[in-house]
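Below is one structure; the comments refer to it alone.
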Number of protein chains: 2
Amino acid sequence: MNPHQAEHAALIAQIAEIFRHCGYEGASLSRITERTGLGKGSLYHFFPGGKDAMAAAALAQVDDWFRRRIFQPLERDSAPGAINGMWDAVDEYFLSGQRICLMGAFALDGTRDRFTDAIGAYFTRWISALQRALERAGVDGPAAGELAEDTVAGIQGALTLARALNDNGQFVRSARRLRGRLARYL
Amino acid sequence: MNPHQAEHAALIAQIAEIFRHCGYEGASLSRITERTGLGKGSLYHFFPGGKDAMAAAALAQVDDWFRRRIFQPLERDSAPGAINGMWDAVDEYFLSGQRICLMGAFALDGTRDRFTDAIGAYFTRWISALQRALERAGVDGPAAGELAEDTVAGIQGALTLARALNDNGQFVRSARRLRGRLARYL
DNA sequence: GTCTATACAGCGATAGAC
DNA sequence: GTCTATCGCTGTATAGAC
């Protein structure tokens with residue numbers, strides 16, 4: 001990644017953080033200009049498609065991070081190591097529960113309909129990558145699928161609960177128990 | 001409940017549905033007037049506090065429903081029956097995954113800060129009511145608390161996943177497994 | 001690339017007739 | 001109670017100077 005691309009990625013990451021905090025509708029362009037320090041002219045220079053394109057870029061960046069750090073290792077590497085790596089990456093990415101999942105947040109309201117494909121692809125791949133890793137670890141097909149669904153759903157639910165109760169510890173404890181449950185199969 | 005109160009409750013339920021579908025920011029007054037058939041004058045007659053008061057009333061109605069159908073039975077009745085009743089009520093309320101949880105949706109974005117107390121009280125009471133029912137059923141304290149947290153988080157995550165994948169079956173399957181997991185302790 | 005100025009639609013909210 | 005008209009503001013988006 002050249003410096004130019006890196007700056008652009010940093011900008012997208014900043015915008016993604018605003019979407020996470022305010023939601024799609026709540027993330028106004030004035031908030032985005034304020035938090036990024038860029039005028040509207042600059043923003044529309046980088047994202048000719050406007051706010052919709054900014055959100056799409058944010059989702060694509062999230063997907064890319066998970067693809068490289070979680071999905072591909074789950075599909076490729078030895079299962080126990082990849083699954084342990086998944087839990088470390090999850091904890092790192094969600095900052096131990098301080099940060100929510102942009103895909104999950106967008107999925108819950110009307111924003112979903114703007115980004116159906118990106119959101120669906122992300123969760124589908126996460127579940128199927130985890131399922132296949134569990135199968136390689138010896139879990140039989142149906143059980144592996146159920147375990148993968150329960151795990152991904154459990155992470156989303158833990159993020160919701162942590163924010164609802166304003167307690168990051170909630171996420172850390174939930175994640176530890178989900179991790180322990182998977183570990184019994186490895 | 002007299003007819004006047006019943007009409008008012010039906011109006012709040014209609015408004016709640018709009019918030020569920022569009023989120024707080026996305027639920028504009030023009031959408032609300034359109035879907036309810038009431039002009040802005042009427043809406044502000046019923047809710048002098050405006051949109052904020054409409055959302056607060058919606059959350060209060062949700063809380064009331066769960067209190068009567070889930071929290072109080074869990075706190076009062078025999079544990080196995082109350083827990084079975086909880087699962088039936090959950091499935092009924094969320095329409096087998098077609099409907100999301102307003103509390104959970106509001107918790108995820110900046111809307112949370114407007115309704116911190118209502119959202120926090122709802123989840124706190126759900127978890128503690130379930131925990132105490134499990135304790136009465138013979139599960140020891142810490143395990144009951146963990147199980148209650150995992151269950152409520154699991155329901156929220158299943159709702160997120162069902163909407164993200166646009167597949168109600170996802171919720172039904174997840175809920176059935178969560179139910180089975182609790183049943184092993186009863 | 002970045003800014004300021006601006007277009008115009010939609011927002012939440014209010015007033016007042018009926 | 002319900003409506004229409006309208007307020008002031010903010011929303012997204014664009015134009016054009018630099």
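Just so it is clear: chains get the letters A, B, ... in the order the sequence lines come, proteins before strands, and each one is counted from 1.
No side-chain donor from either of A:Ser96 and A:Asn168 sits under 3.5 Å from a side-chain acceptor of the other.
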Could you list all N or O pairs between the protein and nucleotides 6-9 of chain D that sit under 3.5 Å apart?
none

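Candidate nucleotides D:dG1, D:dT2, C:dT2 were compared by shortest atom distance to the side chain of B:His4, and D:dG1 ranks first. Closest to the side chain of A:Tyr44, out of D:dT2, D:dT12, C:dG12, is D:dT12. Of the candidate nucleotides C:dT2, D:dT2, D:dT12, C:dT2 has the atom lying nearest to any side-chain atom of A:His45.
The local environment of NE2 in B:His8 is crowded, with over 12 non-hydrogen atoms from other residues, nucleotides or ligands closer than 6.0 Å.
Here A:Gly41 lies in heavy-atom contact (under 4.0 Å) with a base.
You'll find the side chain of A:Glu17 reaches within 4.5 Å of the side chain of A:Arg99, heavy atoms only.
Salt bridge present: A:Arg181 and A:Asp150 bring a charged side-chain N and a carboxylate O closer than 4.0 Å. Classification of A:Arg173 and B:Glu146 as a salt-bridged pair fails, no side-chain N sitting under 4.0 Å from a carboxylate O.
Spacing between atom CD1 of A:Ile18 and atom P of D:dT12 amounts to 12 Å, rounded to whole angstrom units.
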Which pairs would a plain distance check flag for residues 76-83 of chain A, meaning a side-chain donor or acceptor within less than 3.5 Å of a matching protein atom at least two apart in sequence or in another chain?
none

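None of B:Leu11, B:Ile18, B:Leu29, B:Leu59 except one satisfies the side chain to side chain contact (heavy atoms under 4.5 Å, CB included) rule with B:Met54; the exception is B:Leu29.
Near DNA chain C, meaning a heavy atom under 4.0 Å from it, residues 22-36 of chain B has B:Ala27, B:Ser28, B:Leu29, B:Ser30 in order of number.
When all heavy atoms of B:Met1 and B:Ala9 are compared, the closest pair comes out as SD-CB, 4.3 Å.
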